[in-house]
Amino acid sequence: MNDRTSKYHKIYDVVRQIPPGKVLTYGLVAELAGLYGRSRLVGYALFRVEIDSDIPWQRVVNAKGEISYSEARCGGDYLQKNLLEEEGIEFIKGDRIDLKKYLWRVPICLPE
DNA sequence: GTCGTGACTCGAT
DNA sequence: AATCGAGCCACGA
């Protein structure tokens with residue numbers, strides 16, 4: 001496994017641990033993955049994730065609490081949004097969510 | 001090898 | 001609250 005791949009693996013690993021009904025911001029995922037400040041990489045890594053993966057990429061939102069999904073993707077996008085609503089996440093003004101309420105609070109200290 | 005672009009974030013205006 | 005610019009790194013042309 002290359003260094004680059006290992007970074008992505010960390011990102012995927014963090015995202016996979018997000019419990020239902022909770023969300024994480026790109027910056028936070030980056031920090032947990034040991035990539036503080038590299039929030040853009042997280043977005044890139046998740047962008048390359050396939051729909052059939054076991055990674056709940058849709059549970060990762062930007063710092064504003066908005067979902068950052070690609071409209072160019074399949075219709076599965078808004079389907080995932082619906083999924084988040086079923087998990088108990090309330091959307092404000094259509095696309096925003098209350099980070100204060102649904103932001104995942106990491107229960108453990110991850111290694112750097 | 002360089003260059004432009006992007007599922008981002010932050011601070012200043 | 002909204003917008004702008006700078007910083008960050010990977011990838012394709």
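Within every chain, numbering begins at 1; the chains are lettered A, B, ... in the order of the sequence lines, protein sequences first and strands thereafter. Quantities reported herein were computed from a predicted structural model and do not represent experimental measurements.
One interatomic measurement links the two molecules: NZ of K93(A) to P of dA1(C), which rounds to 7 Å at whole-angstrom precision. The CZ-P distance, from R38(A) to dC10(B), rounds to 14 Å in whole Å. Rounded to an integer number of Å, the gap from L28(A) CG to dC8(B) C1' is 13 Å. We find that OH of Y36(A) is positioned 13 Å from P of dC9(C), with the value rounded to whole Å. Rounded to an integer number of Å, the gap from CH2 of W57(A) to P of dC8(B) is 13 Å. Atom CZ of F47(A) and atom C1' of dT5(B) are 11 Å apart (whole Å).
Formation of a donor-acceptor pair under 3.5 Å by the Q17(A) side chain with backbone atoms of D13(A) is found in this model.
Using bins of under 30°, 30° to 60° and over 60° for the plane-to-plane angle, the ring pair Y44(A)/F47(A) lands in the perpendicular bin.
Summarising the geometry, atom CG belonging to L35(A) is positioned 15.0 Å from atom OH belonging to Y26(A); distances are rounded to the nearest 0.5 Å.
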Write out a two-atom table: protein N or O, nucleotide N or O from nucleotides 3-7 of chain C, distance below 3.5 Å.
residue: dG7(C); atom: O6; partner: R40(A); partner atom: NH1; Å: 3.0

Set out, line by line, the N/O atom pairs under 3.5 Å between protein and nucleotides 11-13 of chain B.
none

With 3.5 Å as the limit, what N/O pairs link the protein to nucleotides 10-13 of chain C?
residue: dA10(C); atom: OP1; partner: K7(A); partner atom: NZ; Å: 3.2
residue: dA10(C); atom: O3'; partner: Y8(A); partner atom: OH; Å: 3.2
residue: dC11(C); atom: OP1; partner: R4(A); partner atom: NH1; Å: 2.8
residue: dC11(C); atom: OP2; partner: R4(A); partner atom: NE; Å: 3.1

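Considering only residues two or more places apart in sequence or on other chains, R16(A) meets the side chain to side chain donor-acceptor pair (under 3.5 Å) condition with D54(A). In this structure, the side chain to side chain contact (heavy atoms under 4.5 Å, CB included) partners of T5(A), at least two apart in sequence or on a different chain, are M1(A), N2(A). Contacts of R40(A) classified as side chain to side chain contact (heavy atoms under 4.5 Å, CB included), with partners at least two apart in sequence or in another chain: none. With sequence neighbours left out, K22(A) forms a side chain to side chain contact (heavy atoms under 4.5 Å, CB included) with I18(A), P19(A), W104(A). Among residues two or more places apart in sequence or in another chain, the side chain to side chain contact (heavy atoms under 4.5 Å, CB included) test is passed with L28(A) by L24(A), T25(A), E31(A), L103(A).
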Side-chain donor-acceptor contacts of residues 84-93 of chain A below 3.5 Å, not counting sequence neighbours, with atom names and distances?
residue: E87(A); atom: OE1; partner: G21(A); partner atom: N; Å: 3.0
residue: E87(A); atom: OE1; partner: R59(A); partner atom: NE; Å: 3.2
residue: E87(A); atom: OE2; partner: R59(A); partner atom: NE; Å: 3.4
residue: E87(A); atom: OE2; partner: R59(A); partner atom: NH2; Å: 2.6

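The nearest pair of heavy atoms linking A63(A) to L99(A) is O-CD1, 3.4 Å. Closest non-hydrogen pair, V15(A) versus P56(A), comes out as O-CG, 3.6 Å.
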